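Being a predicted model, the structure only gives us computed values, none of them experimental.
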Amino acid sequence: MRVLQRYITSEIVRSVAFALAAFLALFAFFELMGQLESVGRNGYQLQSAVLYVVMGLPGNVYELMPIAVLIGTIYALAQFAASSEFTIMRVSSMSTRMTAMALAKIGVGFAIFTILFGELVAPKATEWGEKFKLQAQGASLSQFRSGLWAKDVIKDNGLDGKVIGTRFLNIQRILSDGRLEGVKIYELDQDFHLSDMIVAAYGDYQGNHVWQLSDAQQTTFIVDRKASAITSPIATSKVKTRSFVSEVTPEILSVLFADPDRMSAYDLRAYTKHLEANNQRTDRYEIAFWKKVVYPLSIFVMMALALPFAYLHFRAGGVSLKIFTGIMIGVSFQLINNLFSHLGLLNTWPAFVTAALPSTLFMLMALVALRWVERR
C-alpha cells in the first residue's frame, strides 16, 4: 500500500502543480492587461506593472488552490481509469474507503500548503505589492474626501487601566512609507464632551503603540459638567513634537485599505477585537476570519468531489470531459462561496455558518455522487 500511496501522490501532485501553474499564468495575464491602463501615468512603467503582478501571485495561489486540487486530482484519477490502472487497484482489494484515505493523506499536504500561503506569504506579498505600486506612482492612501477616520479609547495608563474617554483620528493621507500627513485628533471625555483637539502636520509611528506628532497644535476645552457647556478660557498650545499612546497601529490602518479576503486570520482576529472594543460592526471581518479557518478544509471537499470521477468510464473524450466538468464545479464553488459571504453579511447570518455552508453543501454533493457511482 505504501508503494501505491507514493505512486498516487506523485501523479496527483504533478497534475495539481501543472493545473495551478496554468491558472496562475492565465490570471497573471489578465491582471497585467488590467494594469496597462495605469502604465505611463505618474512614472508607472511596464516593469513596475510586471513586478506588481508577480507580487500578487501568492494571493492567487491561495485563492486557486482548491480548484487546482480538484482539476489535478480529476485528471490523475481519470488517467488511472482510462489506462485501467484504477480497475487493477480495485481488483487488488483497494476499496473506496482505502482510496478516500489515500486522497485524504495527500490533502493534508495541500491543506498545510494553503494555510502557509494564506497566513504568511500572500498577506505580506499583497502588502508589499500595494506599497510598491504606491511608490512607483508617487501616490498616497486616502479613503474618503475628508481623509481616513479611525477610533479608539483613551485609558488612564496608556493601553491599560480605566477607560477615561474616546479618541477619533482623522488622517488626510498615509504616505507610501507609512507616515501620516494632516493629522487631526478629537478627544472626548466619558460624557462625550470634546476635551482636546490636536492638529499636526505629520505623524510617525515609534513602536509599542506610541505615535509622535510633528508641528502640533493642541486646543483644550474646559467643560462645566453640570452645565454641559464649554467654559472659558480655551487653552491653546503649540509644540514641535508630541507623543501619544493609541491602540491604532500602522497594521490597523493598513487593514482599512486591505481586502479582508487577502488578510491573514491573525490580522483579521486582531482587527475584529479592535472593532469590538470600540463598539463598531465586525460582521464583514468575522465572516472573512471564519472563511480563512474553513478554506483549507475545502481541499478535502475538492478531493472528495474528484473521487467519483475515477469510477466513471467514457468511450471517447473521457479525460477532457471530466476536466471540463471539474472546472465547472470549481468555478461554481468559488462563486457560491463568494455569494454566501454577501448573503450572510446582508442577512446577518452567523459568521461560522456563512463560511462553512458552501463547503458543507459541496461535501454532501460529493458523498451523494460517490454513492451513486458505487451503486452503478
Any chance OH of Tyr75 has more than 12 other-residue heavy atoms, nucleotides or ligands included, within less than 6.0 Å?
-> no
Would you name the heavy atoms of Met55 and Gly129 that are closest together and state the gap between them?
-> SD-CA, 3.4 Å
If you look at every heavy atom in Pro58 and Phe117, which pair is closest and at what distance?
-> O-CD2, 3.6 Å
Are any of the side-chain nitrogens in Asp156 or Lys162 under 4.0 Å away from the carboxylate oxygens of its partner?
-> no
Nearest heavy-atom neighbours spanning Gly330 and Leu70 = N-CD2, 3.6 Å
Under 3.5 Å, side chain of Gln5 to main-chain N/O of Ala102, donor-acceptor pair present?
-> yes
Value rounded to 0.5 Å, distance of CG in Asp283 from CG in Leu345 = 6.0 Å
Do Lys291 and Phe340 meet the cation-pi criteria used here (NZ or CZ under 6.0 Å from the six-membered ring centre, within 45° of the axis)?
-> no
Provide the full list of ring pair (Phe, Tyr, Trp, His ring centres under 6.0 Å) pairs with a residue in residues 346-367, sequence neighbours left out, each pair given once.
-> Trp290-Phe352, Phe333-Phe362
Would you mind reporting whether Val210 and Gln212 have side-chain heavy atoms less than 4.5 Å apart?
-> no
Arg14/Glu11 salt bridge by N-O under 4.0 Å criterion | yes
Donor-acceptor pair, side chain of Gln35 and main chain of Val50, under 3.5 angstrom | no
Donor-acceptor pairs under 3.5 angstrom involving side-chain atoms of residues 295-308: please list them, not counting sequence neighbours.
from: Tyr295; atom 1: OH; to: Glu63; atom 2: O; distance (Å): 2.6
from: Tyr295; atom 1: OH; to: Gln334; atom 2: NE2; distance (Å): 3.1
from: Ser298; atom 1: OG; to: Tyr295; atom 2: O; distance (Å): 2.4

Side-chain donor or acceptor of Ser264 paired with backbone N/O of Asp267 under 3.5 Å = yes
